[in-house]
Amino acid sequence: MHVLILGGTTEARRLAQALTAGHPGWRVTSSLAGRVARPLLPEGEVRTGGFGGADGLARALRELQVDALIDATHPFAGTISFHAAQAAATAHVPLLALRRPGWVPAPGDDWHGVASLEEAARRLPELGRRAFLTVGRLGLAAFAGVGDVFCVVRSVDAPEPPLPLRSEVLLARGPFTVEGERAVLREHRIDVLVTKDAGGEATAAKLVAAREAGIPVIVVRRPAVPEGVAEVGSVEEAVTWAQGRISPSGA
């Protein structure tokens with residue numbers, strides 16, 4: 001049994017660990033996009049870099065003799081989920097999407113939903129003058145033209161230009177604590193938070209801190225995903241699905 005996991009998310013790492021530990025005879029391969037300089041590596045085999053689109057992924061599924069494909073990529077990974085759906089259909093490989101549930105506003109939250117980073121950048125001056133940007137280094141170009149808001153940018157790796165005209169970069173990797181996020185908001189005098197609806201617990205503390213401080217939050221909604229793909233919201237459900245792909249002979 002060979003399982004190919006797409007993504008370097010927390011859920012993808014947990015899934016790789018669960019499959020390798022619980023099924024010693026299985027081959028588990030994780031595919032990372034290579035966008036982080038020093039990624040946290042999962043258990044099992046690891047490959048880095050793209051496949052060359054849907055056709056390249058379909059070819060890899062055949063060549064690697066993959067029995068099950070699990071898309072555990074980031075909710076904002078973009079086109080990879082569509083490539084996975086097309087490739088799995090072409091190569092006749094079962095596909096599962098492991099998608100962490102999105103965040104839900106709680107009483108006291110002041111959330112402003114937007115459809116894109118560009119819309120977030122346009123709305124930003126309406127809501128504050130010192131922003132905390134937690135949208136990932138690859139999304140900062142959308143804010144390059146924002147000049148009347150000072151932006152504190154947090155990223156795992158140092159971002160490359162273009163950056164917001166007035167900005168400061170904080171290099172840090174989650175998970176983050178509520179206490180730590182309170183300190184960031186306080187020390188940098190933040191009055192507006194910008195984030196993507198990544199979901200999960202690793203970076204959710206900033207939402208609690210913003211709620212406590214009465215700070216508005218611009219939340220970029222998730223992009224569309226392929227229709228007709230089996231989907232679960234937890235690692236445990238993904239493990240159960242993978243176990244169900246075992247042939248009657250136990251191969």
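One is the number of the first residue; the rest follow in order along the sequence.
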- Query: Does any N or O in the side chain of Lys196 come within less than 3.5 Å of the main-chain N or O of Val135, such that one atom is a donor and the other an acceptor?
  - Reply: yes
- Query: Is the backbone N or O of His83 less than 3.5 Å from a side-chain atom of Gln86, with the two atoms forming a donor-acceptor pair by type?
  - Reply: no
- Note on the structure: NE2 of His2 to CG of Asp67, rounded to nearest 0.5 Å, is 8.0 Å
- Message: Between the side chains of Glu45 and Arg27, is the shortest nitrogen-to-carboxylate-oxygen separation below 4.0 Å, so that they form an ion pair?
- Response: yes
- Message: Check Arg123 with Glu126, please: is the shortest side-chain N to carboxylate O separation under 4.0 Å?
- Response: yes
- Task: Please report the closest heavy-atom contact between Gly233 and Glu237, naming both atoms and the distance.
- Result: N-OE1, 3.1 Å
- Is there side-chain contact between Lys206 and Phe176, with at least one heavy-atom pair below 4.5 Å? no
- Between Arg13 (side chain) and Gly8 (backbone), is there a donor-acceptor pair under 3.5 Å? yes
- Message: Looking at Glu236, is its backbone amide N or carbonyl O close enough to the side chain of Thr240 to form a donor-acceptor pair, meaning the two atoms are under 3.5 Å apart?
- Response: yes
- Looking at side-chain heavy atoms only, is the closest gap between Leu15 and Ile70 below 4.5 Å? yes
- Query: Is a donor on one side and an acceptor on the other found under 3.5 Å between the side chain of Arg62 and the backbone of Leu64?
  - Reply: no
- Would you find a donor on one side and an acceptor on the other, under 3.5 Å apart, between the side chain of Arg222 and the backbone of Ala198? yes
- Message: Taking Arg100 first and then Glu201, would you say they form a salt bridge - that is, a charged N and a carboxylate O separated by under 4.0 Å?
- Response: no
- Query: Below 4.5 Å, heavy atoms only, C-beta onward: do Asp110 and His112 meet side chain to side chain?
  - Reply: yes
- Dump the intermediate steps for side chain to side chain contact (heavy atoms under 4.5 Å, CB included) on Val3 and Val66, then the final yes or no. CA-CA 6 Å; Val3 181; Val66 173; over 6 Å; no
- Linking I/L/V/M/F/W/Y whenever their side-chain heavy atoms sit closer than 4.5 Å, directly or via other members, would Phe82 and Leu57 fall into one cluster? no
- Item | 4.5 Å side-chain heavy-atom contact, Val229 and Leu96 | no
- State, to 0.1 Å, how close Leu98 and Ser234 come at their nearest heavy-atom pair, and which atoms those are. CD1-O, 3.3 Å
- Query: Measuring from Cys151:SG to Arg129:CZ, what's the distance to the nearest 0.5 Å?
  - Reply: 11.0 Å
- Item | Test item: side-chain donor near acceptor, Ser31 and Arg47, under 3.5 Å | yes
- Task: Please examine the side chains of Trp26 and Thr20, heavy atoms only from C-beta on, and report whether any two atoms are closer than 4.5 Å.
- Result: no
- Task: Kindly say whether Leu163 contributes a backbone atom to a donor-acceptor pair with the side chain of Ser167 at under 3.5 angstrom?
- Result: no
- Task: Could you please spell out the steps behind the side chain to side chain contact (heavy atoms under 4.5 Å, CB included) verdict for Val225 and Arg99?
- Result: CA-CA 10 Å; Val225 295; Arg99 307 193 197 284; 3.8 Å; yes
- Message: Applying the side-chain contact (heavy atoms from CB on, under 4.5 Å) criterion to Pro164, which one of Leu124, Val152, Leu133, Val149 satisfies it?
- Response: Leu133
- Task: From the options Ile80, Thr9, Thr10, select the one residue that forms a side-chain contact (heavy atoms from CB on, under 4.5 Å) with His74.
- Result: Thr9
- Message: If you compare all heavy atoms of Gly147 against all heavy atoms of Arg166, which two are closest, and at what distance to 0.1 Å?
- Response: O-CD, 3.2 Å
- Query: Just checking, is any N or O donor in the side chain of Glu119 or Ser116 under 3.5 Å from an acceptor N or O on the other one?
  - Reply: no
- Item | Side chain Asp109, main chain Trp111, donor-acceptor under 3.5 Å | no
- Report yes or no: does Asp197 contribute a side-chain atom to a donor-acceptor pair with the main-chain N or O of Trp103 at less than 3.5 Å? yes
- Is there a side chain to side chain contact (heavy atoms under 4.5 Å, CB included) between Val192 and Phe132 once you walk through the steps? CA-CA 6 Å; Val192 59; Phe132 186 23; over 6 Å; no
- Are Ile218 and Phe76 connected in the hydrophobic side-chain network, where two residues link if heavy atoms are under 4.5 Å apart? yes
- salt_bridge(Arg186, Glu181) N-O dist < 4.0 Å: no
- Candidate pair Arg182 and Val208, rule side chain to side chain contact (heavy atoms under 4.5 Å, CB included), full reasoning: CA-CA 9 Å; Arg182 289 176 184 140; Val208 177; 5.5 Å; no
- Query: What are the two closest heavy atoms between Val239 and Ala18, and how far apart are they?
  - Reply: CG2-CB, 3.9 Å
- Message: If I take atom OG1 from residue Thr134 and atom CG from residue Leu170, how far apart are they, to the nearest 0.5 angstrom?
- Response: 11.0 Å
- With hydrophobic residues grouped by side-chain heavy-atom distances under 4.5 Å, do Leu95 and Trp241 end up in a single group? no
- Message: If I take atom CG from residue Leu19 and atom CD from residue Gln243, how far apart are they, to the nearest 0.5 angstrom?
- Response: 8.0 Å
- In Å, rounded to the nearest 0.5 Å, how long is the span from CG of Leu6 to OG of Ser81? 8.5 Å
- Item | Hydrophobic cluster membership, Ile215 vs Phe150, 4.5 Å side-chain cutoff | yes
- Message: Hydrophobic cluster membership, with links at side-chain heavy-atom distances under 4.5 Å among I/L/V/M/F/W/Y: are Val194 and Val219 in one?
- Response: no
- Closest heavy-atom pair and its distance - Ala144, Leu165: O-CG, 3.3 Å
- Charged N to carboxylate O under 4.0 angstrom, Asp191 versus Arg130? no
- Item | Where Leu185 and Ala210 come nearest, the two heavy atoms and their spacing | CD1-N, 3.8 Å
- Heavy-atom side-chain contact between Leu4 and Val93 under 4.5 Å: no
- Is the closest side-chain heavy-atom distance between Thr195 and Leu207 below 4.5 Å? yes
